[in-house]
Participant: 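Handing you this structure, nothing more for now.
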Amino acid sequence: MRVAIIGAGVIGLSSALCIHEQFHGLVPSLELEVYADHFTPHTTSDGAAGLWQPYLSDHGNLQETLWNKETFDYLLGHLHSPAAKEMGLFLLSGYNLFTEPVPDPSWKNIVLGFRNLTPKELELFPGYSYGWFNTALMLEGRSYLPWLTNRLTQRGVKFFHKKVESFQELFSQGVDVVLNCSGMRAGALQPDPELQPGRGQVIKVLAPWVKHFIITHDLKSGIYNSPYVIPGSEFTVLGGIYQYGNWSEENSAKDHKSIWDSCCRLLPALQKAKIVGEWSGLRPARPSVRLERESIRLGNLQGEVIHNYGHGGFGITIHRGCAMAAARLFGSILQEKRALATPPGPRL
Amino acid sequence: MASPKVAVVGAGVIGLSTALCITETCPSCSVTVLSDQFSPNTTSDVAAGMLIPHTYPDTPIHRQKQWFKETFAYLFAISNSAEASEAGIHLVSGWQVFKSIPKEESPFWSDIVLGFRPMSEAELQKFPQHRFGQAFTTLKCDCPPYLLWLEKKLKATGIQMHTRKVSDLWELHGEYDIVVNCTGLGAHQLVGDKQLFPVRGQVLKVQAPWVKQFIRDGDGLTYIYPGIHRVTLGGTREKGSWSLSPDAGTTRDIFDRCCSLEPSLQRAQDIEVKVGLRPSRQCVRVQREVLGQGGVKLPVVHNYGHGAGGFSVHKGTANEAARLVGECISTLQGSSSRAKL
């Protein structure tokens, strides 16, 4: 049974790993192949700071909250494993800041030690009158994706540097199941007007004295359109851009200035930080994650597609829950194929 | 006494912060720092510089709390300014964990640090051998940066700093009007203070930039303090040991104890071993004294004996020492005007 995964970001690689872990023992002929036009360190997942944090509101999407929790718990369980450093996984505490009181988020009981900020803490952030403190996790794509790639390679999964133009292309080569983890470019495989870019830009600096994440929120401008500072293991990420519908992956001087000025206002010591890089990426934004099966028929070609895309700015946050769900969908496909494959015949 | 000449002996965190305080409260004073060691070779340079107070058995708690409060407020303001990275001051959050429930659940400083609260059950799961814990956010003064920043500020006010070993405070009589004794463990020899004793601390300074939180065992012996470039792993409290040589067995032991609190430290790189002798005393000596010899007087202000808590209270004791210097000056001015009558 040949399974092709389109996309080698955090979604594609983790889905591939989940499926191989769960089914390679059950399906001896299982062959997994990853197809992507970009591999680490050139994927969207590599550009993200890697902070586990969902959006402020789940908009009633309980399923996504459960997937977020599953991911957090999975990562927390790996925190003490020898692989943690290689995975790019570590604990990080920090602040979410608001200019007015807001309801507690869906994830308040998922993270550790969630609480409101005290008046003295708020003195650190003039202009903000309300906020949260909690301990969350960092999962740096620059480390996690190579780690996933190594696990997959050890398991015999094959990688192909190739831009897949259509699902049919793979089915015509004999692929049985396709996992569509193509993120931002899913629309090229199958039109999806709900999938739009949420363009982001970040400045990477050296500011090793920063030991907390600081995420500000401007409820009027929307998520990630307000400055944020996220310290990683090698550099600190400054951001605060979310431009819906903007497909440009070029760094913008105007956005650079906006990020720099607003982050330096937030943390004056950043003025002394050395800039070591800049990056723009497209969050694959969608009203909800598309995680579902689809049977594709074209002429005499037929195949099953499992869609797993549209994770916006919370791909790393939700990846494991979605990968497990995708694996469950794969399991149901196997069930059906087995049921069909059992030939009726005389009992001896 | 137009321009009192003040000698501050000692250039660790106590000496430098006291010198700065004196010059700020008494601009007419001419202050000189004298020390046989400067950063990076002081006891302060070995310390992690965490603002977690040590409790002195014989200093009234309200006084210790006032010292800590003043120090915390002073550093908090710097951490929030553009100078924070140069001064080496940064906020750090983390946990203090206990294997058995401590006698006092909330230490005297719990309302001065930020966000102090008991750890949740979920947080304690990370520490299977520990039954109770406290979470809070505090400040860290990285050395050498903090000492170098203090030196820079001092030089900007025109203060002179000289490498000089002072073997006897009377050496300074004639050259200086007032002597401020910030010699730390040196006071044992310099002023014959037998109540002062070393508590040897060995630490490891490692590269582990993914460690962003502090973890401290409530027994004070095992701790992980992330600094700007390195993480300080500790430690030991060897009362009465004067040895400044690192011990290999101790290094292994510290590393193992810290890895059991934070397993990812197994991957730490580039381990540096350092030793410091905490200048310990039952109470910090912040006190005026007038030395007399053959009819001649030498006003002295002592500010030493901070043991394990130097960084935590340094600004508070510097403020107090500066006030005492002010009193010395008034006394000198009073007696000099009496002499004119």
Side-chain angles (χ1 to χ4, degrees), chain A residues 72-73 76-95 109-126 133-135 138 140 143 206-214 231-235 264 266-274, chain B residues 72-73 76-95 111-128 133 135-137 140 142 145 208-215 226-230 259-260 262-269:
Chain A
F72 192 89
D73 292 345
L76 199 62
H78 275 75
L79 205 53
H80 285 189
S81 83
K85 188 201 172 197
E86 210 191 322
M87 287 166 77
L89 176 64
F90 54 94
L91 283 172
L92 186 67
S93 298
Y95 306 90
N109 294 321
I110 301 176
V111 294
L112 300 175
F114 181 94
R115 61 171 174 83
N116 286 348
L117 292 180
T118 63
K120 209 158 88 164
E121 287 175 306
L122 285 165
E123 278 175 42
L124 285 165
F125 310 110
F133 183 94
N134 65 266
T135 302
M138 281 284 279
E140 296 182 313
S143 297
L206 293 181
W209 61 89
V210 178
K211 305 290 182 191
H212 297 91
F213 63 80
I214 303 166
S233 63
E234 285 174 58
F235 50 77
C264 286
L266 186 58
L267 278 190
L270 284 174
Q271 290 163 52
K272 306 274 169 72
K274 182 175 169 206
Chain B
F72 197 92
F76 187 74
I78 301 171
S79 78
N80 217 8
S81 76
E83 291 188 86
S85 60
E86 194 193 338
I89 313 265
H90 56 101
L91 281 173
V92 58
S93 297
W95 298 307
D111 59 342
I112 299 172
V113 296
L114 303 174
F116 186 96
R117 61 169 173 83
M119 281 167 74
S120 63
E121 281 305 312
E123 288 172 305
L124 278 166
Q125 286 193 14
K126 192 172 140 54
F127 306 102
F136 56 94
T137 301
K140 187 178 188 296
D142 272 36
W210 62 89
V211 175
K212 309 281 188 192
Q213 318 234 115
F214 73 80
I215 304 172
I228 294 177
H229 297 294
R230 286 179 170 269
C259 286
S260 81
E262 179 52 72
S264 71
L265 284 170
Q266 293 283 357
R267 298 278 187 269
Q269 303 268 304

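The chains referred to below are lettered A, B, ... by the order of the sequence lines, with proteins before strands, and numbering in each begins at 1. If you're wondering where the values come from, they're calculated on a predicted model, not measured in any experiment.
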Participant: Which atoms of A/Ser81 are under 4.5 Å from chain B, going by heavy atoms: the side chain, the backbone, both sets, or neither?
Facilitator: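 The answer is neither part of A/Ser81.
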Participant: Do you know which of A/Pro208, A/Cys264, A/Ala84, A/Ala83 has the most heavy-atom pairs with chain B at a distance under 4.5 angstrom?
Facilitator: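 Heavy-atom pairs under 4.5 Å are most numerous for A/Pro208.
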Participant: Considering non-hydrogen atoms only, spot the tightest contact between B/Ala82 and A/Lys272 and give its length.
Facilitator: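 Closest approach of B/Ala82 to A/Lys272, heavy atoms only: O-NZ, 3.4 Å.
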Participant: Rounded to the nearest 0.5 Å, what's the gap from CD1 on B/Ile228 to CG on A/Leu206? Could you check?
Facilitator: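 Separation between the atoms: 12.5 Å.
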Participant: Name the member of B/Gln266, B/Met119, B/His229, B/Arg117 that forms the most heavy-atom pairs with chain A at distances under 4.5 Å.
Facilitator: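 The answer is B/Arg117.
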Participant: Given 3.5 Å as the limit, does a donor-acceptor pair link the side chain of A/Lys120 with the main chain of B/Gly115, or not?
Facilitator: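 Judged by distance alone, no pair lies under 3.5 Å.
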Participant: Of all of A/Leu112, A/Thr118, A/Leu76, A/Leu270, which one pairs up most often with chain B through heavy atoms under 4.5 Å apart?
Facilitator: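 Winner by heavy-atom pair count: A/Leu112.
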Participant: Where does B/Ser81 contact chain A at under 4.5 Å (heavy atoms): side chain, backbone, both or neither?
Facilitator: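 Contact with chain A is through the backbone of B/Ser81 alone.
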Participant: What is the minimum heavy-atom distance between B/Trp210 and A/Phe90, and which atoms define it?
Facilitator: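 The answer is O-CD1, 3.2 Å.
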Participant: Check B/Gln213 against A/Leu92 and note the closest heavy-atom contact, atom names and distance.
Facilitator: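 So the two residues come closest at OE1-C, 4.0 Å.
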Participant: If you measure from CZ on A/Phe125 to CG on B/Asn80, what distance do you get to the nearest 0.5 Å?
Facilitator: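 Result: 7.5 Å between the selected atoms.
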Participant: Side chain, backbone, both or neither: which part of B/Glu123 has a non-hydrogen atom closer than 4.5 Å to chain A?
Facilitator: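 Both backbone and side chain.
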Participant: Just wondering, do A/His212 and B/Ser93 contact through their side chains at under 4.5 Å, heavy atoms?
Facilitator: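 In short, these two side chains touch, coming nearer than 4.5 Å.
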Participant: Say whether A/His80 and B/Lys126, considering side chains only, have a donor N or O and an acceptor N or O under 3.5 Å apart.
Facilitator: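 There is such a pair between these side chains.
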Participant: May I ask you to decide if B/Leu114's main-chain N or O and A/Glu121's side chain share a donor-acceptor pair within less than 3.5 Å?
Facilitator: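 No.
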Participant: Is any side-chain heavy atom of B/Trp95 closer than 4.5 Å to one of A/Thr135?
Facilitator: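 Result yes, sub-4.5 Å side-chain heavy-atom pair found.
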Participant: At a 4.5 Å cut-off on heavy atoms, which part of A/Glu123 comes close to chain B: side chain, backbone, both, or neither?
Facilitator: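 Contact with chain B is through both the backbone and side chain of A/Glu123.
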Participant: What heavy-atom pair brings B/Pro209 and A/Ser233 nearest, and what distance separates the two atoms?
Facilitator: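 Smallest heavy-atom distance, with atoms named: CB-O, 3.2 Å.
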Participant: Spell out, as yes or no, whether a donor-acceptor pair under 3.5 Å connects the side chain of B/Arg267 to the backbone of A/Pro82.
Facilitator: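 Present.
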Participant: Is any side-chain heavy atom of B/Lys212 closer than 4.5 Å to one of A/Pro231?
Facilitator: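 Answer yes - side chains close enough.
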Participant: Non-hydrogen atoms of chain A under 4.5 Å away: do they reach the side chain of B/Ala135, the backbone, both or neither?
Facilitator: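 It is neither, since no heavy atom gets under 4.5 Å.
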Participant: If you count heavy-atom pairs within less than 4.5 Å of chain A, which of B/Gly88, B/Ser79, B/Ser264, B/Gly227 leads?
Facilitator: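 Among the listed options, the one with the most contacts to chain A is B/Gly227.
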Participant: If I measure from the heavy atoms of chain B, does A/Lys85 come under 4.5 Å with its side chain, its backbone, both, or neither?
Facilitator: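 Only the side chain of A/Lys85 comes within 4.5 Å of chain B.
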Participant: Is there side-chain contact between A/Leu124 and B/Phe76, with heavy atoms separated by less than 4.5 Å?
Facilitator: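 In short, these two side chains touch, coming nearer than 4.5 Å.
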Participant: Looking only at heavy atoms, what is the nearest atom pair of A/Arg115 and B/Thr137, with distance?
Facilitator: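 In terms of heavy atoms, the two residues are closest at NH2-OG1, 4.5 Å.
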Participant: Measuring from atom CG of A/Leu79 to atom CD of B/Gln125, what distance do you get when rounded to the nearest 0.5 angstrom?
Facilitator: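 With rounding to 0.5 Å, CG (A/Leu79) is 12.5 Å from CD (B/Gln125).
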Participant: Do B/Lys140 side-chain atoms and A/Trp209 backbone N/O form a donor-acceptor pair below 3.5 Å?
Facilitator: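 Answer holds: no.
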